[in-house]
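Data block below; observations after.
Note that the structure is predicted; figures quoted are calculated from it, not measured. Note that ligands are numbered from 1 as they come in the structure, with each ligand's atoms numbered from 1 the same way.
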Amino acid sequence: MARIDARDVFQMVNILDGIVTVVASTHAMPMAPTLGAVAASQAALAAACLCPRCSFVGPTITSAPTAEAQVALTFDDGPNEALTPRILDILARYGAKASFFCIGARARRWPGLVRRAAMAGHSIENHSWRHSSRFALLGSHKLAREIDDTQELLADLCGRPPAYFRAPAGFRNPWLAPLLAQRALRYAAWSHRGFDTLDPVPARILQRVTHHIQPGAILLLHDGRNARDRQGRPVVDTVLPSLLQRLTARGLRAVDLPTLLGSTAAVERLSMRNRA
Ligand SMILES: [Zn+2]
């Protein structure tokens, strides 16, 4: 069962607020049974949109069936001028690979960090352009812009377009899956989430991301922002080396998503926008 943090709750409220507004404006007729059915269907849809690891609104990767003793490390919300270099240094020290789900606007601000990660052999993936808290309320046209602008920039920076997409906070709507399919993008969620943006206690984060861990797991941490420990350091400074040591002790290798999922991101797989 995925846990929900305060930021997720805030975003859920935003989304529900939007859905309630739509229902109220389009079904304000005095037909109680019909309104009840509509409200029930809208509530079911809202629940599906708010479930980051469910497949109700489209195919969702949460882990990989694999015979290999490996797990995928993923970092969201970067690049960040302070955090991303620290994480890259730690990964290099341990010979580990990861996937970075980048926010397009941040990648435009710090393109050198994206290039550095790609050059080091990590995969660069798409986490929308703005990371809007209302992402799940966007219509098809605006969703396409969020995806395509980010694809285009990251392809320019890395020499290949991302092969995976992850929505802000994991909240989606039914318009997203067809857009991803048109672009040959796969939707990637996670199996283990650290809540490293909120929890200042490294031991608890480490426990969350390693609890009942199995080969094929997908771990979610953040390089865009991080909670601070008692000494004022980003928790990732403590969590990541400890995590990599613990994985090694269990015979597990940290890899990026394409490696875990056995997929090769084709260089020629350009976004629909680039083809046009
Ligand atoms: Zn995010």
Quick one: side chains of residues 61-73, donor-acceptor pairs under 3.5 Å with protein atoms, not counting sequence neighbours, listed by atom name and distance.
from, atom 1, to, atom 2, distance (Å)
T66, OG1, E68, N, 2.9
Q70, OE1, R253, NH2, 3.0

Determine the interplanar angle of the F165 and Y187 rings, folded into 0 to 90°, and report it as parallel if under 30°, tilted if 30 to 60°, perpendicular if over 60°. tilted
Contacts of type side chain to side chain contact (heavy atoms under 4.5 Å, CB included), residue P178, not counting sequence neighbours: none
With respect to the Zn ion (ligand 1), please indicate if D76 possesses an N, O or S atom at a distance under 2.8 Å. no
Checking distances from the Zn ion (ligand 1), one finds that the N, O or S atom of D77 closest to it is OD1
Just checking: H127, one of its N/O/S atoms, less than 2.8 Å away from the Zn ion (ligand 1), yes or no? yes
Does R183 reach the side chain of I147, with side-chain heavy atoms less than 4.5 Å apart? yes
